[in-house]
Number of protein chains: 2
Amino acid sequence: MTELPQSNYELIMHFGDMGSRWGFNRTVGQIFALLFVSPEPIHAEHIAATLRISRSNVSMSLKELQAWKLIQIKHRPQDRKEYFAVAGTVWIMAKAVLEQRVQRELAPTVTLLKQHLSTVEAEKQHQSLREQTEQLLTLLQWVQQLADQVQQLEPSQIESFVKLVRRVSKMLAFKNKVVFK
Amino acid sequence: MTELPQSNYELIMHFGDMGSRWGFNRTVGQIFALLFVSPEPIHAEHIAATLRISRSNVSMSLKELQAWKLIQIKHRPQDRKEYFAVAGTVWIMAKAVLEQRVQRELAPTVTLLKQHLSTVEAEKQHQSLREQTEQLLTLLQWVQQLADQVQQLEPSQIESFVKLVRRVSKMLAFKNKVVFK
DNA sequence: ATAACATTTCAAAAAATTCTGAAAATTCAG
DNA sequence: CTGAATTTTCAGAATTTTTTGAAATGTTAT
């Protein structure tokens, strides 16, 4: 129940270490990685034993992963336990992460900046602060919109999307050269 | 030296609260926000007094903001102190954040996954794990590339870029409908 | 070189976050 | 309904991260 190939172990520890940079904690990262490398859905006891963490920690971390929509619960006939597996393909999970992060990292600030700009009369601030604040808000909203667009894509379309953006970007770079050089 | 308009105060506290979600800590977020709303460059003592934090904390946090390339040091004639201001326009700072976050959040995992895939012989893993791992690596590298493209853009081009991506995305959504419905 | 001013370092304190164990709640077969 | 199996909750313990104060280091005018 506890034997893990060395290569998987490294991956799991890495996801644990990166966890906090990705917006969750060590255990959540490790559990996600464990589910990622597991060929079959596994249950909470199994996770606790493999990662040597408490059953209660597993319970809370699984809740967190569910909030991120990164895992799904599976049931087996004749078995009361809940088994867990990653939520789907890499692309499905990536979309979930994107959605959550926009929600957690951008949305609150967008709300605040909107409110800020509508509350504070323009005359009370120096010109450039107001302009910079408006630019920041605009930029954050653009990112939100881009994220929304990306969410719409089907798995089969991501590659085309990446390539098209690459072309768009090249085009703009070229325009730039022609105009300014 | 310590009086702050209420609206700026709210903004600063918000940036403090969001700090940890953005990859730095409360103080770093607050200092950045303070510099953002300050019409003039300010010095470390001023920051400490305004935010009521220790001088040493200010020193370390300013170092951190410099590592993020989010601030710049200004000098005044006849004055030994260092004055600080945000690094430039919103777009310049956004590019700095994007660069840092790709570096901190994606690069280490890309390295690990590459190494993982080249080390572990294909036969030793179940087929689908290898495929999923490859997909994850590919996706992370796409994000890196997109970030690189975006970094190249001049301020004047961002809006065109956003609009073009919007069109690209709409186009793909339409293709999808035609093919599958 | 010195002294006054300024910044940085770092060990330890404070604060925040994560983890645990015990108890409570839930689920479901009989 | 009972009780065994399983999951969840949550107060306090453990750990990690952040902040501080004191000392060290660095800088510049005289």
Side-chain angles (χ1 to χ4, degrees), chain A residues 1 12-35 41-68 71-85 104-105, chain B residues 1 12-35 41-68 71-85 104-105:
Chain A
M1 182 191 264
I12 290 169
M13 290 304 127
H14 177 81
F15 274 61
D17 293 342
M18 297 301 286
S20 54
R21 295 192 193 178
W22 295 339
F24 32 77
N25 65 35
R26 173 178 306 276
T27 308
V28 172
Q30 288 182 351
I31 293 180
F32 176 78
L34 176 57
L35 295 180
I42 57 185
H43 57 83
E45 291 287 1
H46 183 136
I47 296 170
T50 306
L51 301 178
R52 288 113 206 267
I53 58 181
S54 72
R55 181 63 186 73
S56 53
N57 193 357
V58 173
S59 179
M60 292 188 304
S61 300
L62 287 170
K63 277 272 135 55
E64 175 79 359
L65 283 169
Q66 281 176 275
W68 280 87
I71 59 174
Q72 60 185 140
I73 303 178
K74 300 266 185 178
H75 286 281
R76 312 190 135 191
Q78 250 63 23
D79 189 340
R80 202 140 119 203
K81 288 198 205 66
E82 294 185 311
Y83 290 76
F84 298 88
R104 294 166 189 227
E105 299 177 17
Chain B
M1 184 191 261
I12 290 169
M13 289 304 126
H14 177 81
F15 274 61
D17 293 341
M18 296 302 286
S20 54
R21 295 192 192 179
W22 295 339
F24 33 78
N25 65 36
R26 172 177 307 273
T27 308
V28 171
Q30 288 182 352
I31 294 180
F32 176 78
L34 175 58
L35 295 180
I42 57 185
H43 58 82
E45 290 288 1
H46 184 135
I47 296 170
T50 307
L51 302 178
R52 289 114 207 266
I53 57 182
S54 70
R55 181 65 186 73
S56 53
N57 194 357
V58 173
S59 179
M60 291 187 305
S61 300
L62 288 170
K63 276 274 136 55
E64 175 80 0
L65 283 168
Q66 283 176 274
W68 280 86
I71 61 174
Q72 60 184 138
I73 303 177
K74 300 265 185 179
H75 287 279
R76 312 190 135 192
Q78 251 61 23
D79 190 340
R80 203 141 117 200
K81 288 198 203 67
E82 295 184 309
Y83 290 77
F84 297 88
R104 294 167 189 227
E105 299 176 17

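A note on names: the letters A, B, ... follow the listed sequences, proteins ahead of strands, and every chain is numbered from 1. Note that the coordinates shown come from a computational prediction; the quantities given were computed from them, not determined experimentally.
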Which residue in the set B:F15, B:F32, B:W68 passes ring-ring contact (aromatic ring centres under 6.0 Å, His included) when paired with B:W22?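 Among B:F15, B:F32, B:W68, the one meeting ring-ring contact (aromatic ring centres under 6.0 Å, His included) with B:W22 is B:F15.
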
Figure out the [atom1]/[atom2] separation between [X] and [N], and round it to whole Å.
X     : N      : atom1 : atom2 : result
B:L51 : D:dT18 : CG    : P     : 17 Å
A:D17 : D:dT16 : CG    : P     : 11 Å
A:E82 : D:dT8  : CD    : P     : 6 Å
A:N57 : D:dA14 : CG    : P     : 15 Å
B:R21 : C:dT17 : CZ    : P     : 11 Å
B:K63 : C:dT7  : NZ    : P     : 10 Å
B:M60 : C:dC10 : CE    : C1'   : 9 Å
B:Q78 : C:dC5  : CD    : C1'   : 15 Å

Of B:L51, B:N57, B:V58, which is the lone residue that meets side-chain contact (heavy atoms from CB on, under 4.5 Å) with B:S54?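 Exactly one option meets the side-chain contact (heavy atoms from CB on, under 4.5 Å) with B:S54, and it is B:N57.
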
Can you tell which of D:dT8, C:dG21, C:dT7 lies closest to the side chain of B:K81?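 Closest of the options to the side chain of B:K81: C:dT7.
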
Nearest to side-chain heavy atoms of B:N25, which nucleotide of D:dT18, D:dG21, D:dT7: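 The answer is D:dT18, which lies nearest to the side chain.
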
Just call it for B:S20: base, sugar-phosphate, or nothing, with non-hydrogen atoms closer than 4.0 Å on any strand.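 Since no nucleic acid heavy atom lies under 4.0 Å of B:S20, the category is nothing.
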
Given that A:L62 and B:F24 both sit by DNA chain D, which one's nearest nucleotide is further toward the 5' end?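 Comparing both residues, the 5'-ward one is A:L62.
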
Can you find a donor-acceptor pair, distance only, under 3.5 Å between [X] side chain and [N] base?
X     : N      : result
B:S56 : D:dG21 : yes
A:R55 : C:dA22 : no
B:R80 : C:dA6  : no

Quick check: do A:I73 and A:Y83 have side-chain heavy atoms less than 4.5 Å from each other?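 Contact flag for A:I73/A:Y83 side chains = no.
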
Without swapping roles, check the side chain of A:R104 against the backbone of B:R21 for a donor-acceptor pair under 3.5 Å.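 Not confirmed, A:R104 side chain does not pair with B:R21 backbone.
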
Would you name the heavy atoms of B:Q30 and B:G16 that are closest together and state the gap between them?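 Scanning both residues, the minimum pair turns out to be CG-CA, 3.6 Å.
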
